[in-house]
Amino acid sequence: MIDITPSVGATLTDATAAELAAQKIRAAFPQAILDTYSHSGETTLTIRPQDLVGVARLLHDDPELSFRHLSNVTSVDWSKYPGYAGRERFTTVYQLVSPFTGRRMSLKTPAPGGDSPAVPSLTAVWPGANWPEREVYDLMGVRFDGHPDLRRILMPHAWPNHPLRKDLPRGGETVPFSMTWEDEEFESFGQQIIEAKSVPTVPPKQSDTNKHMILNLGPHHPATHGVLRVIVELDGETVVAAYPDLGYLHSGFEKQGETIRYKDFLPYTDRSDYVSSMCNNLGYSLAVEKLMGVEIPPRAQVLRIMMAELQRIASHLLWLGTSVMDAAGMSHAMLMYAFREREQLLDIFELVSGARLTTSYIRPGGIWRDVPPSFTERVQDVLRTFPAHFDEYERFMTENPVWKARTVGVGKLSADQCLALSLTGPLARASGVPLDYRKLRPYSGYENFDFKMATATDGDTYARYMVRIEEMRQSLRMVEQGLKNLPDGPVWTADRKMALPPRQELDTSMEAVIHHFKLVTEGFSPPPGEVYCSVENPKGELGFYLVSDGGPRPYRCKIRGPSFSNISALRAMAPGSFLSDIVAMIGSIDITLGEVDR
């Protein structure tokens, strides 16, 4: 078990923590730091590739820094960036967080090799770098020397290119089809480049097919909650290993985000984790606002938190109803109860936004519009009735012998495993990791709310159930506080970088007319720079890494989805369990495949 007491660096700010880190790095690796860059209070150190692993291990192991959580790994292709000629085309980027102090910093490393770049792998320091590095290799073509299993993870293994590179335009790739080419409908569809035939299934190289049976669970199994395929290696009924196979729903969200205006990408965030759209909207909006340097009015801030917490409850209700059905199969009633309450929350979302799932309500600059008068009554009804519903769930499930038999001791993870694998959300907190960005790095005014971080220590499927039940109660507390203390005022920023001029100005000012026209037609343009912003989504850490070249479209748009990172934990949970336990484990992780595959 890790020591969860604050480290000696608990009083450091991001800037002072980065400065201290730089001092320690220079002492241990005098030539390692190539550049230092600060933006919006966060610091990025550019490190020589040959020093990357040593620097990472220092930042991870040093008790004063304790950057134990690898938040995000990505890469940038700078070949089209203004003024970047003459430098390495690719850099890899790493966001690091101390789960004990909340301090964050970033590392960047130029990837030498031109069009065939390579950098050292960090899987020896953070095993959770495994999948993110595979994703960078898949989509950018950056090789990670020393990676234990470097292969594609989202695209087909025979895909001929790396689609996030800047020399590959959106929609410029030819697509394989599987129907008869003589059909007239294909005449204008493009050119087939991959032969349309079934590809034989190749077992993972780690598996022993001479001793064990290989079984496919999914991608069409209802308990995988989407098109997730798990390759299960079995010794009789006992699981030897489980290998999640991703990419069946990959739709190029990030590539699309780099070709449209900042404000036009918001609806895509709705469709990532499509059962947590309000929270997705908030994470993306905060990243854009951080890049723009604008302030949001207090009323909009409080309404944002209220919507995010109502969305958290709705997401957990969906998880509860489906997980009970998956794991126990003994209660249709629990599913019906959970959906009954969730409908009340979706009614509120429809009231304020006009949509129930894909809301696009929280937007860069504020919220779409103020809440209507009936909003207060609807929320009060939720506050009045939901505590009794949660009590009812607990009477039904908490001591239910069938539920406990299917969850207690199943899918156990230690706190050290969670940190090593970059796991977040209820999955990590159920193992004793005190990582909740609403507490650790408060955003959007969460520091003004009184709530408890729900944690447990058993680290099994049952503990994750208990954490989510408590989180729903805490979310209700925050919604009640928000409603009680909701201030008056506007719900959109007054900063003219993002705000349209008042209607009356258009009659008297040509500058206002021009500004209005350019904002509507071109969109806002952040200054050049790069930011990373993360929020506590119902499933864990949702992060957005944005790079601006000064134009109205993101030069680089990276989404760090908690479902993608958390489902990798199945590899650690599964060995030694029974095949039937795999279903309970997947449910306890709580994934949305739209967010896994993007």
Side-chain angles (χ1 to χ4, degrees), residues 266 270 276-286 288-290 294-317 341-356 359-390 436-439 441-454 471-495 498-500 502 533 535-538:
L266 185 73
D270 288 326
S276 302
S277 61
M278 290 284 190
C279 301
N280 302 341
N281 295 165
L282 178 58
Y284 177 69
S285 298
L286 289 173
V288 174
E289 290 155 5
K290 186 176 181 179
V294 301
E295 296 293 330
I296 304 304
R299 181 175 178 84
Q301 296 276 32
V302 175
L303 286 171
R304 282 178 165 190
I305 289 179
M306 292 177 66
M307 294 303 172
E309 294 308 314
L310 290 172
Q311 184 74 81
R312 191 179 313 277
I313 298 171
S315 177
H316 284 351
L317 287 172
E341 276 69 79
R342 183 170 173 265
E343 283 298 302
Q344 281 187 258
L345 302 176
L346 298 190
D347 287 343
I348 293 175
F349 297 157
E350 185 176 18
L351 175 71
V352 301
S353 72
R356 300 174 70 79
T359 57
S360 294
Y361 181 67
I362 300 172
R363 304 182 178 187
I367 57 177
W368 173 48
R369 64 176 183 181
D370 207 344
V371 293
S374 58
F375 171 78
T376 299
E377 181 183 350
R378 295 283 190 91
V379 173
Q380 286 174 338
D381 187 46
V382 168
L383 296 173
R384 183 175 60 255
T385 59
F386 272 42
H389 292 318
F390 296 159
D436 185 329
Y437 283 93
R438 298 171 298 173
K439 285 283 192 183
R441 298 181 60 85
Y443 53 90
S444 202
Y446 269 108
E447 64 274 12
N448 301 319
F449 286 74
D450 179 27
F451 67 101
K452 183 179 74 173
M453 184 195 306
E471 282 195 358
M472 290 194 287
R473 297 186 188 276
Q474 295 299 320
S475 292
L476 272 187
R477 285 184 62 195
M478 283 184 273
V479 172
E480 184 176 17
Q481 294 169 44
L483 192 63
K484 180 179 178 181
N485 301 310
L486 183 62
D488 296 326
V491 295
W492 195 262
T493 181
D495 195 316
M498 300 183 74
L500 293 172
C533 186
V535 297
E536 189 65 38
N537 257 34

(request) For Arg378 and Asp381, run salt bridge (charged side-chain N to carboxylate O under 4.0 Å, His left out): C-alpha distance rounded to whole Å, both residues' side-chain angles, the deciding distance at 0.1 Å, then the answer. (result) CA-CA 5 Å; Arg378 295 283 190 91; Asp381 187 46; over 6 Å; no
(request) Carefully, step by step, assess Thr385 and Glu341 under the rule side chain to side chain contact (heavy atoms under 4.5 Å, CB included). (result) CA-CA 9 Å; Thr385 59; Glu341 276 69 79; over 6 Å; no
(request) Step by step, work out the side chain to side chain contact (heavy atoms under 4.5 Å, CB included) result for Ile296 and Arg304. (result) CA-CA 10 Å; Ile296 304 304; Arg304 282 178 165 190; 4.0 Å; yes
(message) Could you walk me through whether Val371 and Tyr361 satisfy the side chain to side chain contact (heavy atoms under 4.5 Å, CB included) test, starting with their C-alpha distance in whole Å, then the side-chain angles of each, then the deciding distance to 0.1 Å, before giving a yes or no?
(response) CA-CA 11 Å; Val371 293; Tyr361 181 67; 3.5 Å; yes
(message) Before you tell me yes or no, could you show the steps for Leu486 and Arg299 under side chain to side chain contact (heavy atoms under 4.5 Å, CB included), namely the whole-Å CA-CA distance, both residues' side-chain angles and the distance that decides it to 0.1 Å?
(response) CA-CA 6 Å; Leu486 183 62; Arg299 181 175 178 84; 3.4 Å; yes
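Between Ser277 and Gln311, the closest heavy-atom pair is N-OE1, 3.4 Å. Residues Pro487 and Val302 come closest through the heavy atom pair CD-CG2, 3.8 Å. Across Val288 and Pro364, no two heavy atoms sit closer than the pair CG1-CB, 3.9 Å. Among all heavy-atom pairs drawn from Gly489 and Asp370, the shortest one is O-OD2, 4.5 Å.
Leu483 CG to Met306 CE: the interatomic distance, rounded to the nearest 0.5 Å, is 4.5 Å. How far CD of Gln380 is from CZ of Phe375: 10.0 Å, rounded to the nearest 0.5 Å. Separating the OG atom in Ser360 from the CD1 atom in Ile367 is a distance of 13.5 Å, to the nearest 0.5 Å. If you take CZ on Phe451 and OH on Tyr446, they are separated by 7.0 Å, rounding to the nearest 0.5 Å. With rounding to the nearest 0.5 Å, the separation of CD in Gln481 from CG in Leu383 is 10.5 Å. Annotation: the span from Arg438 atom CZ to Tyr443 atom OH amounts to 6.5 Å, rounded to 0.5 Å.
Residues passing the side chain to side chain donor-acceptor pair (under 3.5 Å) test with Arg363, sequence neighbours excluded: none.
No hydrogens or angles considered: a donor-acceptor pair under 3.5 Å links the side chains of Asn281 and Thr359. For the residue pair Asn537 / Ser276, no side-chain donor-acceptor distance below 3.5 Å is found, with atom types taken as modelled. A donor-acceptor contact closer than 3.5 angstrom links the side chains of Ser444 and Gln301.
In this structure, Val491 and Pro297 have side chains that are not in contact, with every pair of non-hydrogen atoms separated by 4.5 Å or more. Put simply, the side chain of Glu536 reaches to within 4.5 Å of the side chain of Arg312, judged on heavy atoms. Residues Pro538 and His316 form a side-chain contact, since some pair of their non-hydrogen atoms from C-beta on lies under 4.5 Å apart. With contacts defined as side-chain heavy-atom distances shorter than 4.5 Å, the pair Phe449/Ile305 qualifies. Side-chain atoms of Glu309 and Met472, non-hydrogen and from C-beta on, never get closer than 4.5 Å to each other. Within the 4.5 Å cutoff, the side chain of Leu500 has no heavy atoms near those of the Trp492 side chain.
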Would you mind writing out the side-chain donor-acceptor pairs for residues 347-354 within the sub-3.5 Å range, not counting sequence neighbours?
| from | atom 1 | to | atom 2 | distance (Å) |
| --- | --- | --- | --- | --- |
| Asp347 | OD1 | Arg356 | NH1 | 2.8 |
| Asp347 | OD1 | Arg356 | NH2 | 3.3 |
| Glu350 | OE1 | Arg356 | NH1 | 2.8 |
| Ser353 | OG | Phe349 | O | 2.7 |
| Ser353 | OG | Ala355 | N | 3.2 |
| Ser353 | OG | Ala355 | O | 3.1 |

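With respect to Arg441 and Glu447, no salt bridge is recorded, no charged nitrogen being found less than 4.0 Å from a carboxylate O. With respect to Asp436 and Lys439, no salt bridge is recorded, no charged nitrogen being found less than 4.0 Å from a carboxylate O.
Taking the six-membered ring where tryptophan is involved, the planes of His389 and Phe386 are perpendicular, since the angle between them exceeds 60° and thus also 30°.
Counting only residues at least two apart or in different chains, salt bridge (Lys or Arg N to Asp or Glu O under 4.0 Å) contacts with residues 476-487 comprise Asp450-Arg477.
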